[in-house]
Undergrad: 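Shown below is the structure under consideration.
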Protein chains: 2
Amino acid sequence: MEGTIAGEGTRTTRKEAMAETRRKLMAAGREAFGTIGYAEASMDDLTAAAGLTRGALYHHFGDKKGLLRAVVEEIDREMSERLGAISAAAGSRWQGLVDEQVAYIRMALEPEIQRIMFRDAPAVFGDLSQWPSASACVAALKAHLDALLAEGAIVEIDTEAAARLISGAGGYAATWIATSEDPAETSARAVASFRTLLDGLRARGM
Amino acid sequence: MEGTIAGEGTRTTRKEAMAETRRKLMAAGREAFGTIGYAEASMDDLTAAAGLTRGALYHHFGDKKGLLRAVVEEIDREMSERLGAISAAAGSRWQGLVDEQVAYIRMALEPEIQRIMFRDAPAVFGDLSQWPSASACVAALKAHLDALLAEGAIVEIDTEAAARLISGAGGYAATWIATSEDPAETSARAVASFRTLLDGLRARGM
DNA sequence: CGATTTGACATACGCGCCGTATGCCACTAT
DNA sequence: ATAGTGGCATACGGCGCGTATGTCAAATCG
């Protein structure tokens, strides 16, 4: 029924092979884009590292940008999941917001995320948060702010705009930290100031 | 004495000619980088548009990145001047800070600044605020915050870190606005939220 | 179960663009 | 006026992207 001799388990049906090469290309893309960067990455080298040729790449992703797009979407999903788990584990809603944003900054310190999501992708695609898969991080942050506003826990503010401003500040903080000489110390400073800045949004009546 | 026939005024001494070609190349660079972007800009086309060839470019700037570097430094100086004038014209120190930051966001709406300073330059050079000429905008903002902190007008905070966070939020707001469908309305929302966010830094005792 | 079709991927090609090496000629110095 | 300097143009090599074409294994159908 499957066109194979028996239930050999690791037999190479067409779909499996395709998924495998796709995974190889994505992995090679994350590796190359995350280290030497998008502009410097050669598609010949990248595909060769995956044990393939450019033919496979253009078949699956159309062009060089297509591979970057796929990689970005994958990383975006992973980030959302991790952030969601963190805010869900927090004690209060406010604490969840703070934890999530601090985690966001810390995630942006990971070289792969730093380089691909905060440096190359915006240059190639313009603004990320305007996507179909719209950088779910901003969306989650807005939802958080909406809930807090409804509770009266924060001052009156346009939650979408605020979410974008906060996210922008966090992203910039990450690049500042990543390019500094002492990332650990810089990170501590950035996070502390970030907490102060966020605290300014809490409702004054306490 | 000048190697020319007479005091013709517009006679071509060596230095003048060099300065002129440099200006032409910079102008062509700002035009090309500011519209089609750094990656898509062909140095053949760019130099031809300036009435020159790639020979002149590589003589003056070394390579493609060299021209971008020079363009970025020039724009950075212009931005600092404009922002300094704005904050100097404000009534109070706090008002100067707010005006300056709002102006920063609005400046980032200019296509040339948006594309070159906020999109391409960070991708090519990494973080801008770590430069020799260190994006004077951040430095000016930090100085502002230092003064306000000394006056007791804002809450206790690491002023450099805060300056970078604020600048990051502003920069991101600008790209959000620039890529939105209705920039005017989005701009109003961003600026309003930005004011609220800044307001959270003011000393609670009023 | 064998013939035919499909399509995933490799190979081959052309073009554009960058960076360098070389050449030319106007301006400078003596 | 003559020798020399250097700003800029021209010529060359190489690389990387995107496309067109080929190939062979897996899927489909009688």
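Just so we're on the same page: letters track the sequence lines, and every chain starts at 1. Since the structure is predicted, the reported quantities are computational estimates derived from the model, not experimental observations.
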Undergrad: 5'-most contact on DNA chain C: Lys15(B) or Met43(B), nearest heavy atom basis?
TA: Met43(B)
Undergrad: Check Arg82(A) with Glu78(A), please: is the shortest side-chain N to carboxylate O separation under 4.0 Å?
TA: no
Undergrad: Reckon Thr47(B) has a side-chain N or O less than 4.0 Å from the OP1 or OP2 of dA9(D)?
TA: no
Undergrad: Do NZ/NE/NH1/NH2 and the carboxylate oxygens of Arg164(B) and Glu160(B) come within less than 4.0 Å?
TA: yes
Undergrad: Could you give the CG-to-P distance, from Leu46(B) to dG19(C), as a whole number of Å?
TA: 13 Å
Undergrad: Return yes when atom CD of Glu112(A) has more than 12 non-hydrogen atoms of other residues, nucleotides or ligands closer than 6.0 Å, and no otherwise.
TA: yes
Undergrad: What nucleic acid atoms does Ala48(B) come within less than 4.0 Å of, heavy atoms only: base, sugar-phosphate, or nothing?
TA: nothing
Undergrad: Do you know the tightest heavy-atom contact between Ala173(B) and Leu165(A)?
TA: CB-CD2, 3.5 Å
Undergrad: Find out whether Ile154(A) and Trp94(A) are in side-chain contact, i.e. whether some heavy atom of one side chain is under 4.5 Å from a heavy atom of the other.
TA: yes
Undergrad: For DNA chain D, which residues in residues 50-74 of chain A have a heavy atom at a distance below 4.0 Å?
TA: Arg54(A), Tyr58(A), Asp63(A), Lys64(A)
Undergrad: Using a 4.0 Å cut-off on heavy atoms, which residues in residues 18-33 of chain B reach DNA chain D? List them by number, or say none.
TA: Met18(B), Thr21(B)
Undergrad: Before you tell me yes or no, could you show the steps for His60(A) and Thr21(A) under side-chain hydrogen bond (donor to acceptor under 3.5 Å, both in side chains), namely the whole-Å CA-CA distance, both residues' side-chain angles and the distance that decides it to 0.1 Å?
TA: CA-CA 9 Å; His60(A) 281 276; Thr21(A) 62; 3.2 Å; yes
Undergrad: Just how far, in rounded Å, is C1' of dA8(C) from CD of Glu16(A)?
TA: 15 Å
